[in-house]
Each structure stands twice: as C-alpha cells, then as structure tokens.
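The block underneath contains the structure these notes are about, expressed in structure tokens.
All figures in this text were calculated on a predicted structure; none of them were measured in a lab. Throughout, protein chains are lettered first and strands after them, A, B, ... in sequence-line order, and every chain is numbered starting at 1.
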Number of protein chains: 2
Amino acid sequence: MESQTPVGRKITLNDIAAGCGVSRATVSLVLRGSPLVNKATRARVEEELRRQGYVYNRAAANLRRRTSSSIALVLNELANPFFAEFAAGVDETLGEAGFVTLLGSTGESSTRQQAVLGSLIEHGPGGIILSPAEGSSTEEVLAAIGAHTPVVLFNREPGGPLPGHVRWDRLMLDNQRGARLATEHLIRQGHRRIAMFGGHDHASSCRERHAGYLEAMQAAGIEVQPHWRVESKPTRLDAAHAAAGLFALGDAPTAVVCYNDAVAFGLMLALNQRGLQPGRDVAITGFDDVAEAAMSTPTLTTLSTAPRARGRQAAELILARLREPQSESRAVIAPVELVVRESSCPPIQP
Amino acid sequence: MESQTPVGRKITLNDIAAGCGVSRATVSLVLRGSPLVNKATRARVEEELRRQGYVYNRAAANLRRRTSSSIALVLNELANPFFAEFAAGVDETLGEAGFVTLLGSTGESSTRQQAVLGSLIEHGPGGIILSPAEGSSTEEVLAAIGAHTPVVLFNREPGGPLPGHVRWDRLMLDNQRGARLATEHLIRQGHRRIAMFGGHDHASSCRERHAGYLEAMQAAGIEVQPHWRVESKPTRLDAAHAAAGLFALGDAPTAVVCYNDAVAFGLMLALNQRGLQPGRDVAITGFDDVAEAAMSTPTLTTLSTAPRARGRQAAELILARLREPQSESRAVIAPVELVVRESSCPPIQP
DNA sequence: GGTTACCTTTGGATCGTTCCAATCACCCAG
DNA sequence: CTGGGTGATTGGAACGATCCAAAGGTAACC
C-alpha cells in the first residue's frame, strides 16, 4: 500500500442540501440535469452550488454507480515524439468523451510495466490502452489487470497466446504495406539494386516491413541478394555503424529501404562520411515521418503514420468497446502513407 | 455530467472475508500490512486474496480516508518533445511515490484549459502540476480548481495576481540567463548584428529570454535595431513564415537568438529556402535542447533544460507540498546550460 | 367527497473501503 | 474463583454520491 495524502475539507451534497432546504437526493438530481426537478427548485439549488463553490466528487459517484470515468494509457516510451503525439491524440478524444487519462510510462521494461499496470488497475480505469514493453507477455499483463478490463493493444503484440474468452482489441500499423509502398516507389524511380536496412528481424514490426519489401521486389521480378539485408539497432547511431555492411561486397545497392527514420538518418550520416551524397548517389526511404524528416538534408521520403490520428483512433476503439463490451474483438490495421521527398532520387546513370 | 461506463463484477473485501471465515475488517488490516493480525490468519487471508484474484479499490479507500493518490499533470502542449520528456520525468517520480498521473493537454487554449481543469478536479487529485496555456490567468485557474488543491506552476506564469492566502509553488527555467549565455556566445564568435527571433512577448518566458538577450547586447555595447526583434508563434511552421521579417530591411543580422528549438528549426527551413546556409551564412541558437537539436543539419547550438530532470523536480515539489501543506511557497529557478554545436558559426568575413 | 393521475420530493439503503470502540479468548497472578 | 492484561478480531458507522420505492401535494374528473 502506498503513501497517500489528506485533502482539505470539501463541500458535499449535504452542505448544499442543508444550505437551501432540500434533500440530498434533489440536489443530486439537479446536478445530473434531471427533468424531474421543479424549475424554481433547480434555480435555488444551482445558486447555492455556485455560492458554496461545490465540486462534484466523481470518485464517490463512480463507487455508487459502479462505473468508471477514466482510461489508462500505458506507453513503452512516452518521451519518444511518436508516442507523445499518440498520447496527445488519445487524451484529446478521451477528454471530449468525458473521460480522464491515467498515464503510465514503462520505459520499455516489462518489470516496470507490471508495477505500473498493478498500480493503475487499482484506480479502476474503464479500460487500458497499452503499447506493450518489449519482451512482455500476454500472460503477465493478464495477471496484472485481470480478464475483465478492456484492453486496446497498440503498435506491438505482447508475446504468448490470448485465452479465448478474453477480448482485446488491437490497433497496429500497416508495416508490410508501408514497406511495400516505399520499395515500389524506388522501383518506379528506376532502381533495381535495393537493400533493406536496419531493425532486428525478431521484432514483429521489422519482420512485417521486411515482408513488404520482399513482396514488392518479387512482384517486380527482382532477385534479392542476401547481402542487401543488413540489420542494426533501430537507432541512428547504431545504424551509422552498421551501414558499412551495405557496401562491403560488390553489386552495391543504389537505393535503401530503411526500417525507420532514425535508421535512415544514421545511413545518411554514414554515406556522407564515405563521400556519397544521400538523395543523389543513393536513394533512401524511412518510416514514421518524424518531424525531422521534413527538415533533414536531403528531406526524407518516408511513411507517415499520423500518430495523433492513431491516438484518437485508439481512444475511439476503447470507447466503442465500453459501449459494446460483448462485441467481437476488433483488429484495426492503420494505413500508412508514403510521403515523397528529396531522398528518393532516381539512380544515377553510369 | 459526462458519460461513464459500467465495470464488471469485482471481488471485494466481503468476498474475501466470507471466503475464509474472517471479518471484512481483518482482511482490510491484512491488506495494509497491520502488525495486529495473527500470522496464521494473515496467511489464510493472503491465500484467499490470491485465489479470488482480488484487486484493491483505491477509489473507495480514498473516499473513506479522505485522501488522494493521484496528481494531475496539465500541459499546454504534450506533443512538444520538451513537454513529453517533462511528463515522462513527472510520471516516473510520481509512480515511485505511489501516485498515479492524471493527464490533461490543453493545446495552448485557455478555454480548453478551463474544461480540462474542471474535469480533472472532479477526480480529486492531491495536487496539480500546471504549465499554463498562453493567455490564461491566475483568476481563471483559481475559479476552476478552487484554492485548496496544491499547484506547482511550471515553465510559465499565468497572468494576474495570486491572492495572498493561496500558496502555489513554481518551477521556472532560468530563461534570462539562458538567452544571455547564447547571446554572449554569439558575440564572442564575432557577431555584432544579432537578432532575437520567435515567441510572443506577452508570454513571460519570452519576455525573460528577450531581457537576457538585451542584457548581453547592452553589456557588449551593441546598439539593438528595432527590426532585429521579430515575433512568431513558438512553432516550427509559423516561425518559418515569420522569418522573412528578419531580412526585410537592410543591416540584416548575421546571427539569430531563437526563442526555442522549434523556432530555430523553422528559421533553418526558411534560410534554406532563401539559399542561405544556416550554420555558415547565418549563426543560430535555440532553447530547450530537444533530441532533434543534436541531429539536425547543422546541429543546433542551444540551451539544455534537461526536461526529464525538471519533470522529476516538479513531482518532488508537489510531493513536498503534500507532506507540508502549510510551508512557505517555493520558487525554484532551474539552471540551463549552453550546448555549443555547429549552428553558431562565426560570421563570414565580407 | 373520493378516486386517479401527475409532478416533485425524499428517506434510507447502498457502493467498497477504513476507523473506532467494543468484544472475545486466553493466560497468569492473587 | 476472580480480575486484569494482552493479543486478535469484529460489528457498525462513516466517506459522498446514487438508486429506489414510497410519499406528499395539486389538480382534474366522475
């Protein structure tokens, strides 16, 4: 049990009722805008509410009504601009629907995720929007929150199977299609030697993107060389180091589909150091469309995921689930959009 | 009164009590780790808690104890990486102290801020960490939340005076010193025609930064031209539009102190479009040191504010206030640190 | 006048927890 | 056998709202 803190004396329904000579029940009806109360009474009560500076105690109401007016939002990394935008979208939509957002950040640790979920669930959220920490499992999450609270999974699948009676909804990005679009675009630009760079294939999102890349290459009848697939951590720095692998052998790619924007920026850095100019000597695409993508030199062709819209969408999903607790669980694959900028140039003619 | 949503049947203390033949009160004592209960009983109860999958209802406990276990965090713009980091820091520290974060984002609108505060206060947070929306006033805020809930103001002062009996704490950045450091740095680089760009002077943080700029200029005996001060919204996009104003007249600046990093990036964009190379033709400094600043082209000289540490600090302040509700109100000015990167080049010799 | 109907209002129980004073079981000293 | 002390447990009243069945008041109608 954790620390808690006393709050100052608060005005309650009883104070208002006493203050204007009606019963508690009547005041409650006024508060909820019931048509039952007489106009004159309503006016009197409302005046008294204002006069005493009454604030509604939603916790007490929720207790009695067995309802909830909050949704928990648990993110693996809030500081990432992608998730910050997402959170803003979630909060916006939840706020409009009269819900409040309970925030939890797990810092990509499944241990911390357990603690955070355990703490949040005690506050009785009506549902949870969860972008699982890397390496966390369905089983763990279920143990922390029980099978009764609705969940919308975002961005990632936690490991392990979901028991049949539990209905979680999902909102995922269309990774495969995104990577396919990028690859197709490069092919249309005239490239044939196209590499796929960055990310680790043990992550589901990376596997999906790789699949999209392969799909486009095969559809175009291009034979994919094994050394055109180079993995790296999904960070700028590690990508810059790993980039050498792309040019180690002959038959070097003229275009590179990158796992995400960070990796793409790392590659740009590495190219510059080798005296190659990204967006002229080598074409590049990213994934995410972070703010920086519009400002780098060259500006980066990438896939826009519209994180704020995704946030709104996740909120809509959980709200829909609350309205229809028994409906079939939904899996939404959010579209991504190719944003063509300078970095995806045609190949240089020899 | 807004929509709410029913929650599934929950296990309560009564279920546990009935399940192992003790009273509700005893189970409650077990939950709170009281030394009063017999060892054997405790074991039996704990087993039953596990067996039935009990989850603590903190709202009910808070109601009875008249305590709160949540803190509201209200930000003017969550999507800004600076505030996202800040929020992560806040949530981290609050979580460790056993509090949960209620999130609210106002999108820089004081109307929305009123609505958000009104909704959050109904959930009875123990305190509020508030980065006020532009143009909001102390009076408004006070009307929304009353005088009883502790407040930590971050980053900005809302307009208007604070009644004497209300104790709000403040955590501000050393804006003036930061802008002075940046300006002095540019002067040392050899610049004389230095502009101050972006932000609105009706915002306190902006006025302070402007003051720091003026201080450095005056100390160096440089006469400041009126057209070296150009305002804009503190966003990348608006700054890019407003940038033209800097070069409208002759005597154009060779260096620009920007209100924040977003504005600096907007300026870079605008410069590139005019065929000027930021970091070579024009020196630039920012403010905030967002992650992007280390990765832009050129990398951005800016003032590091360590937003995550600030978040932790804000959380500490509110926690301290909860422990000592009557203590004198505190005002902390957080130091900022100049981070020199590529963008603050010396002037080009004609 | 009595019955019915409608519009308002209300007391008391309730949500899941904590607090408090009271009780109970047990042992030991006198 | 009584009295007191200790340790463990408990019933019932809160907390601030909502729900529900019931009741009071007025008006209309036969």
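The shortest distance between the side-chain N/O atoms of B:Arg32 and the OP1/OP2 oxygens of C:dT18 is below 4.0 Å. At the phosphate of D:dC19, OP1 or OP2 sits under 4.0 Å from a side-chain N or O atom of A:Arg65. Side-chain N/O atoms of B:Ser28 include one lying less than 4.0 angstrom from OP1 or OP2 on C:dT18. In terms of phosphate contacts, A:Arg66 brings a side-chain nitrogen or oxygen within less than 4.0 Å of OP1 or OP2 of C:dG16.
In the helix from C:dG1-D:dC30 to C:dG30-D:dC1, the terminal helix axes, each the rotation mapping four pairs' C1' atoms onto the next four within five end pairs, subtend 80°, rounded to 10°.
A salt bridge does not link A:Arg310 to A:Glu85: none of the charged nitrogens lies less than 4.0 Å from a carboxylate oxygen. Here A:Arg308 pairs with B:Glu77 in a salt bridge; the nearest charged N to carboxylate O distance falls below 4.0 Å. Salt bridge status for B:Arg44 with B:Glu47: absent, with no side-chain N to carboxylate O gap under 4.0 Å.
Per the geometry, CG belonging to A:Leu63 stands 13 Å off C1' belonging to C:dT18, to the nearest Å. Between the CG atom of A:Leu49 and the C1' atom of D:dA17 there is a distance of 14 Å, rounded to whole Å. Put simply, CG on A:Leu31 is 12 Å from C1' on D:dG16, counting in whole angstrom units. In this structure, the CD1 atom of B:Ile11 is 14 Å from the P atom of C:dC15, given to the nearest Å. Residue A:His123 contributes atom NE2, which lies 15 Å from atom C1' of C:dG16 at whole-angstrom precision.
Between the side chains of B:Ser28 and B:Arg32, at least one donor N or O sits under 3.5 Å from an acceptor N or O. Between the side chains of A:Thr106 and A:Ser109, no donor N or O sits under 3.5 Å from an acceptor N or O. At a cut-off of 3.5 Å, with distance as the only test, a side-chain donor of A:His123 or B:Ser69 sits close to an acceptor on the other residue. Side-chain contact of B:Glu157 with B:Ser204: a donor-acceptor pair under 3.5 Å is absent, judged by distance alone. Counted by atom type alone, A:Ser329 and A:Asp169 present zero donor-acceptor pairs between their side chains at under 3.5 Å.
Distances were taken from every side-chain heavy atom of B:Arg64 (C-beta onward) to each of D:dG16, D:dA17, C:dT18; the shortest belongs to C:dT18.
Using a distance-only test at 3.5 Å, with no hydrogens or angles considered, a donor-acceptor pair links the side chain of B:Arg167 to the main chain of B:Ser327.
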Under-3.5 Å N/O pairs linking protein and nucleotides 6-10 of chain C:
| from | atom 1 | to | atom 2 | distance (Å) |
| --- | --- | --- | --- | --- |
| C:dT8 | OP2 | A:Leu36 | O | 3.3 |
| C:dT9 | OP1 | A:Thr41 | OG1 | 2.4 |
| C:dT9 | OP2 | A:Asn38 | N | 3.1 |
| C:dT10 | OP2 | A:Ser23 | N | 2.8 |
| C:dT10 | OP2 | A:Ser23 | OG | 3.3 |
| C:dT10 | OP2 | A:Thr26 | OG1 | 2.8 |

